[in-house]
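All of these numbers come straight from a predicted model, not from anything done at the bench.
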Amino acid sequence: MAKKEQTSDAAGEKDREKWMARFQVRLAMQPGVDRAVVLQAVKEVTAHCADTGEHPRSAFGDPDAHAVHVAARLVPADRAARERRSNAGVNAIDSVLKKAREITGM
């Protein structure tokens with residue numbers, strides 16, 4: 001019986017790690033999110049789960065949705081908007097360069 005509990009605990013830990021990894025990646029992809037925001041959010045999730053014993057999915061739901069929610073809460077709106085505009089410009093330039101490569105065969 002103890003072996004089954006260990007296997008169950010290991011599977012639960014692996015699932016927690018996967019949730020946290022996905023959350024961190026999705027959070028880092030949000031406009032205006034920097035390292036400090038990611039560290040603060042991870043600390044909040046980790047502390048909550050340690051205090052309550054809850055799995056992050058039970059406490060916060062889908063990691064992608066929680067990342068969007070946390071970014072909206074922790075990143076100033078003007079910084080997020082500025083980064084979205086900057087990213088739009090970079091994406092436009094990338095698109096033009098890609099078409100130029102297709103035309104020239106490079």
Roughly how far, to the nearest 0.5 Å, is the [atom2] atom of [Y] from the [atom1] atom of [X]?
| X | Y | atom1 | atom2 | value |
| --- | --- | --- | --- | --- |
| Leu27 | His69 | CG | NE2 | 11.5 Å |
| Arg57 | Phe23 | CZ | CZ | 12.5 Å |
| Cys49 | Trp19 | SG | CH2 | 7.0 Å |
| Asp15 | Met20 | CG | CE | 12.5 Å |
| Arg16 | His55 | CZ | NE2 | 5.5 Å |
| Phe60 | Glu54 | CZ | CD | 7.5 Å |

Handout entry: Non-hydrogen atoms of Ala28 and Val33 that approach each other most closely
Key =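 Heavy atoms only, the tightest pair is CA-CG1, 4.0 Å.
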Practice task
Flag the pair Val45 / His66 as yes when at least one side-chain heavy-atom distance between them is below 4.5 Å, and no otherwise.
Solution key: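 Yes, their side chains come closer than 4.5 Å.
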Handout entry: Heavy-atom side-chain contact between Val75 and Gln30 under 4.5 Å
Key =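 The answer is no; the side chains never approach within 4.5 Å.
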Exercise for the section: State plainly whether the residues Arg73 and Glu44 are in salt-bridge range, i.e. N to O under 4.0 Å. Expected result: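 The answer is yes: the pair qualifies as a salt bridge.
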